[in-house]
Amino acid sequence: MAQATTQYGIHQIPDMGFSNAYLVEADQQSLVLIDTGTPGKDAKVLAYLTSIGRKLSDISYIVLTHADADHSGSAAELRRLTGAKLAIGELDAPRISGEKKLKEASGFGGLLIGVFGAFTKVERVKPDMTLKDGETIGPLTIVYTPGHTDGSISVYKPNEAIFVGDLLRTDGSGNLKLAMASMSRDMAEVKRSVEKLSKLEFSMLLPGHGKPIEHDASKNLRDFVDNGFT
Ligand SMILES: [Zn+2]
């Protein structure tokens with residue numbers, strides 16, 4: 001996947017495969033990494049940093065939008081390599097630390113996790129910080145947006161961008177879709193969280209899966225909500 005953009009100091013890390021990870025320039029020196037992909041993706045992060053003349057130790061924070069293995073998979077390794085502080089929403093923290101199961105889902109979602117789990121061994125890691133609604137990391141504000149998981153968060157760069165994790169995704173045509181129901185804990189809560197984000201202003205929306213929306217994204221999201229989440 002090609003790099004999406006460097007608008008607003010936001011970079012999509014290329015070649016991450018199934019799930020997206022982003023870098024945000026927090027100030028002159030430090031970078032914030034949002035999500036880490038599946039296990040073994042640390043080399044992709046390093047390759048991209050090198051290509052823009054940066055190094056692993058420039059990452060001061062790693063923020064996980066939620067605990068799922070396709071977002072937290074390389075967190076332990078990248079925390080070691082960067083020395084960054086690892087942060088995640090309060091209620092997803094026990095899932096990456098190993099105090100709770102990484103994911104619980106029933107039906108088809110549970111089956112998928114079972115199959116996925118057989119192929120991936122996610123190293124458990126204790127986060128350095130747990131995040132609540134309204135907390136800030138540099139220029140970024142945490143918005144608590146549960147539903148896909150109990151502790152899912154979005155990361156807001158006011159008036160510029162929102163990183164939504166798996167609360168929303170985009171399809172092949174770039175249209176918004178809700179979190180995948182079979183992989184989510186509570187779809188009514190997903191919808192309430194999407195409504196909460198639709199009150200904010202941003203021009204880019206950066207999902208955990210699918211292409212980012214690069215312009216007029218908050219208007220796009222309001223239309224999506226007004227159309228009954230389609
Ligand atoms: Zn995901």
Side-chain angles (χ1 to χ4, degrees), residues 1 4 12-23 32-42 44-45 62-78 86-89 91-96 100-125 127 131 142-155 161-172 174-187 189-191 193-194 197 204-213 221 229:
M1 188 186 296
Q12 181 176 9
I13 301 175
D15 306 320
M16 289 295 281
F18 177 63
S19 38
N20 299 333
Y22 303 98
L23 282 168
V32 178
L33 175 65
I34 299 180
D35 286 340
T36 67
T38 49
K41 287 293 189 289
D42 46 287
K44 303 292 183 190
V45 177
I62 300 169
V63 179
L64 301 177
T65 57
H66 62 295
D68 288 356
D70 52 325
H71 304 262
S72 68
S74 294
E77 187 64 17
L78 281 164
L86 178 64
I88 187 167
L91 294 179
D92 273 15
R95 299 203 180 272
I96 62 162
K100 284 188 176 179
K101 275 171 74 174
L102 195 58
K103 179 95 176 169
E104 286 158 59
S106 54
F108 184 57
L111 185 71
L112 280 179
I113 291 156
V115 171
F116 192 51
F119 290 97
T120 55
K121 283 274 171 282
V122 177
E123 185 186 343
R124 298 307 183 88
V125 57
L131 299 169
I142 303 308
V143 186
Y144 180 43
T145 50
H148 177 65
T149 64
D150 289 332
S152 288
I153 54 169
S154 297
V155 181
I162 188 97
F163 300 85
V164 299
D166 284 1
L167 179 69
L168 291 155
R169 57 206 159 94
T170 58
D171 67 12
N175 297 313
L176 282 168
K177 300 276 174 202
L178 286 177
M180 210 181 284
S182 63
M183 300 293 281
S184 298
R185 205 190 52 72
D186 184 337
M187 289 306 286
E189 201 164 43
V190 162
K191 289 178 184 172
S193 289
V194 171
L197 293 190
M204 299 177 74
L205 183 148
L206 302 116
H209 303 277
K211 265 173 65 108
I213 297 172
L221 185 61
F229 303 97

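Worth knowing before you read on, the calculation uses all heavy atoms, side chains too, and leaves out hydrogens, waters and symmetry mates. Remember, it's 1-based here, ligands and their atoms both numbered in the order they're listed.
- The atom name of the N/O/S atom in His71 closest to the Zn ion (ligand 1) is NE2.
- The Zn ion (ligand 1) has no N, O or S atom of His66 inside 2.8 Å of it.
- Thr38 and Ser19 get closest at one heavy-atom pair: N-OG, 4.3 Å.
- The minimum distance between the Zn ion (ligand 1) and any N, O or S atom of Asp166 involves atom OD2.
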Practice task
For side chain to side chain contact (heavy atoms under 4.5 Å, CB included), just list the numbers for His71 and His209, CA-CA rounded to whole Å, side-chain angles, deciding distance to a tenth of an Å, and then say yes or no.
Solution key: CA-CA 10 Å; His71 304 262; His209 303 277; 3.2 Å; yes
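- Looking at heavy atoms from C-beta onward, Ile153 lies out of side-chain contact with Val143 at the 4.5 angstrom threshold.
- The angle that His209 NE2 and Asp70 OD2 make at the Zn ion (ligand 1), rounded to 10°, works out to 90°.
- Using a 4.5 Å cut-off on side-chain heavy atoms (C-beta onward), Ile96 and Leu64 make contact.
- With a cut-off of 2.8 Å, the Zn ion (ligand 1) has no N, O or S atom of Asp68 in range.
- Between the side chains of His148 and Asp186, not a single donor N or O lies within less than 3.5 Å of an accepting N or O.
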